[in-house]
There are 2 protein chains.
Amino acid sequence: MTEAVSRPTLEAVAARAGVSRATVSRVVNGGDGVRESLAERVRQAVADLGYVPNQAARSLVTRRHDAVAVVIAEPESRVFADPFFALQLRGISKELTAHDNQLVLLLTEGRDDHARVARYLAGGHVDGALVFSLHLDDPLPGLIRAAAVPTVFGGRPHGSAPGGAGVAYVDCDNRGGARTAVRHLVDLGRRRVAHITGALDQTSAVDRLDGYRDVMADVLGGADPGLVVQSDFTPAGGERAMRELLDRCPDVDGVFAANDLTALGALRVLRESGRRVPQDVAVIGFDDMVPVAEQTDPPLTTVRQDIEEMGRLMARLLLSGLPGGRGRGRGTARTPAPDARAAPDGGVILPTTLVRRATA
Amino acid sequence: MTEAVSRPTLEAVAARAGVSRATVSRVVNGGDGVRESLAERVRQAVADLGYVPNQAARSLVTRRHDAVAVVIAEPESRVFADPFFALQLRGISKELTAHDNQLVLLLTEGRDDHARVARYLAGGHVDGALVFSLHLDDPLPGLIRAAAVPTVFGGRPHGSAPGGAGVAYVDCDNRGGARTAVRHLVDLGRRRVAHITGALDQTSAVDRLDGYRDVMADVLGGADPGLVVQSDFTPAGGERAMRELLDRCPDVDGVFAANDLTALGALRVLRESGRRVPQDVAVIGFDDMVPVAEQTDPPLTTVRQDIEEMGRLMARLLLSGLPGGRGRGRGTARTPAPDARAAPDGGVILPTTLVRRATA
DNA sequence: ATGAAAGCGCTAACAA
DNA sequence: TTGTTAGCGCTTTCAT
């Protein structure tokens with residue numbers, strides 16, 4: 001661990017190039033309206049000295065930080081249990097990097113942390129925030145609104161309503177994906193199609209349940225309520241739910257699980273019970289967590305969402321909404337991704353696709 | 001996405017409290033040497049106005065940022081495939097938060113990114129860096145050394161040698177953990193104990209292999225070289241290796257896999273081959289990635305490392321080495337964790353423990 | 001097209 | 001103990 005040395009300033013570069021600080025500043029920041037010969041001299045001096053602008057000094061006057069906070073609430077939760085989190089972060093990081101913004105990571109675990117994060121965001125240390133807050137009772141969204149920081153949410157936040165206030169968010173098409181999955185089971189000839197829900201205090205779980213109901217109502221004239229079992233996105237929860245299901249409806253012939261982890265648990269119980277998958281019971285998951293979905297026995301058919309793209313999109317959306325026309329470099333807010341869709345409540349929805357493996 | 005409003009300054013607080021800026025500054029920063037009555041007035045004014053210090057202005061004069069970069073090289077790799085990454089980040093975040101430092105996340109994916117990160121670190125935007133760089137040919141460590149930024153590495157970096165230069169790093173006891181695992185297999189009466197290595201361009205894989213060899217030399221008078229198969233920390237790699245192993249040494253009765261993912265693959269091949277685990281072949285993994293280890297069939301016996309603690313420790317080590325006596329709040333550099341050990345080359349090694357489940 | 005000069009909001013001598 | 005003052009390194013009018 002070495003000590004950092006003092007670095008050259010604008011002043012030094014100016015002296016070396018034989019110009020004023022103002023000129024150097026112009027060159028360093030895009031440099032319009034500077035004679036090319038001078039600009040070249042400046043660039044040379046910058047290179048010679050290894051000059052790097054002092055971001056603190058710059059922020060002090062511009063009030064911009066070129067930094068964005070990524071807030072992840074309750075890392076215990078699902079977000080942390082799977083590569084979801086990492087992939088999303090990767091997408092965000094790529095986009096921010098492409099626009100020379102830094103990523104400040106804020107992980108929260110409880111009450112005190114909420115206050116801390118709120119204070120930080122309100123403190124104007126970053127230009128905006130990307131927020132993942134899954135649970136219904138999370139106070140964070142409210143605090144963030146109060147902090148008046150430009151924000152994009154990851155996943156449809158609670159309280160967003162069609163035609164509503166227009167909170168910015170990015171989500172995958174949970175409802176549509178669920179519909180595709182269930183319709184696929186129906187197309188396979190299954191008539192007793194069950195759904196093991198996710199944690200219903202998360203909008204993704206609610207939306208997937210809605211998608212399931214859509215198809216059941218449409219195609220089968222409404223679902224037997226006994227075919228819906230509440231669970232929590234975990235393998236253990238999936239096991240429990242599947243057992244209950246088998247108990248209640250031994251004739252079940254199709255299962256749409258709220259996510260791959262749940263499907264994993266269900267699969268295990270199905271095997272224990274002597275049922276063959278997919279012959280006796282077809283199973284579909286959600287997420288396409290590849291390491292899980294490919295390793296189940298048999299490999300899991302599931303609904304894929306492009307998680308990294310969601311992250312990228314969140315960042316792009318945030319940057320494009322910030323003053324200074326950032327984020328216009330590649331892609332714009334209007335057409336964030338070739339196939340993204342605008343939701344009526346101001347969100348952006350990414351499509352899902354069914355990945356057929358062996359369970360359905 | 002709302003616009004941020006202009007926030008109160010020290011000046012405003014000073015005016016309201018009827019004191020000078022200097023006094024407010026003193027109160028805000030610990031406030032020794034200020035009459036209590038005045039201090040109280042200041043605190044009131046701060047609260048009334050909702051004053052939050054402008055970090056940019058502060059950094060400009062103090063040359064401190066209270067921010068630490070976390071650099072993760074090649075997020076494709078193992079780090080991203082499992083919760084490892086998330087847990088470590090959590091540990092880091094907790095420790096940094098406890099000392100009011102921010103976490104700036106830098107993800108890199110290739111050549112250009114290296115330069116970018118190097119520039120950022122050299123730019124003096126952060127007080128230090130926590131670096132994860134797994135691979136032998138990674139240019140990052142060199143660039144970082146050149147940037148002269150206080151740094152702590154996650155995992156023993158390449159080129160660190162006993163009695164060597166003293167790069168700061170935190171790692172788990174890979175070699176000792178491997179010894180424990182192999183010794184356990186031997187104690188179980190296994191004599192044909194194989195090792196499926198990890199990617200040998202990572203020190204963790206090398207150290208685990210060394211641990212395996214230690215015990216084999218000690219107890220069995222040296223390993224049959226045929227019992228060591230190179231692999232890459234992935235389930236597919238584990239399968240491949242196990243097949244090769246079965247081919248070469250059908251009499252193998254124990255397998256120490258370099259990590260849980262590898263063990264997962266090995267388990268699958270073992271089952272296919274009709275071998276019973278642990279009766280015919282006992283298997284031990286490494287890492288204790290709980291979601292994986294608990295879900296294998298049968299549940300995996302493995303070597304546990306406290307990943308979150310490693311992260312916490314890295315942060316603590318870095319902060320305690322920084323000027324300004326940060327990081328002395330809870331725990332110190334000398335005794336970072338109750339059971340951490342100093343390595344001869346300047347690293348800190350955390351202990352591992354064997355978690356017995358059903359495979360050995 | 002270029003330079004001079006005035007701060008951005010804060011801390012840290014130094015005086016009082 | 002408190003206040004005054006001089007910058008930290010940069011951007012940005014405003015002159016030239």
Side-chain angles (χ1 to χ4, degrees), chain A residues 4-43 45-46 49-67 100 122-125 127 323-324, chain B residues 4-43 45-46 49-67 100 122-127 323-324 326:
Chain A
V5 293
S6 92
R7 296 167 322 90
T9 69
L10 249 204
E11 186 77 54
V13 177
R16 175 160 190 126
V19 297
S20 73
R21 269 150 51 207
T23 299
V24 178
S25 176
R26 286 178 190 118
V27 173
V28 169
N29 302 294
D32 357 300
V34 178
R35 211 185 333 144
E36 181 49 31
S37 62
L38 262 200
E40 190 43 53
R41 281 225 312 273
V42 170
R43 272 184 232 110
V46 166
L49 266 34
Y51 169 76
V52 182
N54 179 323
Q55 184 61 45
R58 180 180 276 174
S59 292
L60 187 54
V61 30
T62 60
R63 285 137 188 295
R64 278 181 43 169
H65 299 87
D66 296 308
D100 276 311
H125 303 294
D127 301 328
Chain B
V5 293
S6 93
R7 297 167 321 91
T9 70
L10 248 204
E11 185 78 55
V13 177
R16 175 159 189 123
V19 298
S20 74
R21 269 152 49 207
T23 299
V24 178
S25 176
R26 285 179 191 115
V27 173
V28 170
N29 302 294
D32 359 300
V34 177
R35 210 186 333 145
E36 182 49 30
S37 61
L38 261 199
E40 191 43 52
R41 278 222 318 269
V42 170
R43 273 184 233 110
V46 166
L49 266 33
Y51 169 76
V52 182
N54 179 322
Q55 185 60 45
R58 181 182 276 173
S59 290
L60 187 54
V61 31
T62 60
R63 285 138 189 294
R64 277 181 44 169
H65 299 88
D66 296 307
D100 277 311
H125 303 294
V126 291
D127 301 329
R326 286 182 275 184

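What you see is a predicted model, and the numbers here were worked out from it, not measured in a lab. Order of the sequence lines sets the chain letters (A, B, ...), proteins ahead of strands, with each chain counted from 1.
Taking the side chain of B:Y51 as heavy atoms from C-beta on, and the options C:dT11, D:dT2, C:dC10, the nearest nucleotide is C:dC10. Among the nucleotides D:dC10, D:dG3, C:dC10, the one closest to any side-chain atom of B:R26 is D:dG3. Side-chain atoms of A:T23 lie closest to C:dT2 of the nucleotides C:dT2, D:dC10, D:dG7. The nucleotide whose nearest atom lies closest to any side-chain atom of A:R63 is, among C:dC8, C:dA12, C:dG3, C:dC8. Comparing C:dG3, D:dG9, C:dA12 against the side chain of B:A22 picks out C:dA12 as the nearest.
A:D127 places no side-chain N or O within 3.5 Å of a backbone atom of A:R64 that could act as its donor or acceptor partner.
Separating the CZ atom of A:R64 from the P atom of D:dT12 is a distance of 10 Å, rounded to the nearest angstrom. Rounded to a whole Å, the CD atom of B:Q55 is 11 Å from the P atom of C:dC10. Summarising the geometry, the separation between CZ on A:R7 and P on D:dC10 is reported as 8 Å, rounded to the nearest angstrom. If you measure from atom CD of A:E36 to atom P of C:dT2, you get 10 Å, rounded to the nearest angstrom. Distance, B:L10 CG to D:dG7 P: 19 Å, rounded to whole Å. Between the NE2 atom of B:H65 and the P atom of C:dC10 there is a distance of 16 Å, given to the nearest Å.
Listed here is the closest heavy atom pair of B:V52 and B:R7: O-NH1, 3.4 Å. When all heavy atoms of A:Y51 and A:T9 are compared, the pair lying nearest together is CE1-C, 3.6 Å.
An OP1 or OP2 oxygen of D:dT11 is reached within less than 4.0 angstrom by a side-chain nitrogen or oxygen of A:R58. Put simply, A:R35 has a side-chain N or O that comes within less than 4.0 Å of OP1 or OP2 on C:dT2. Taking side-chain N and O atoms only, B:S25 has a distance below 4.0 Å to OP1 or OP2 of C:dT11. A close approach under 4.0 Å does occur between a side-chain nitrogen or oxygen of B:N29 and OP1 or OP2 of C:dT11.
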Working for side chain to side chain contact (heavy atoms under 4.5 Å, CB included), residues A:R26 and A:V19: CA-CA 11 Å; A:R26 286 178 190 118; A:V19 297; over 6 Å; no
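Residue B:R41 holds its CZ atom at 8.0 Å from CZ of B:R35, rounded to the nearest 0.5 Å.
Taken residue by residue, residues 14-21 of chain A places heavy atoms nearer than 4.0 Å to DNA chain C at A:V19, A:S20, A:R21.
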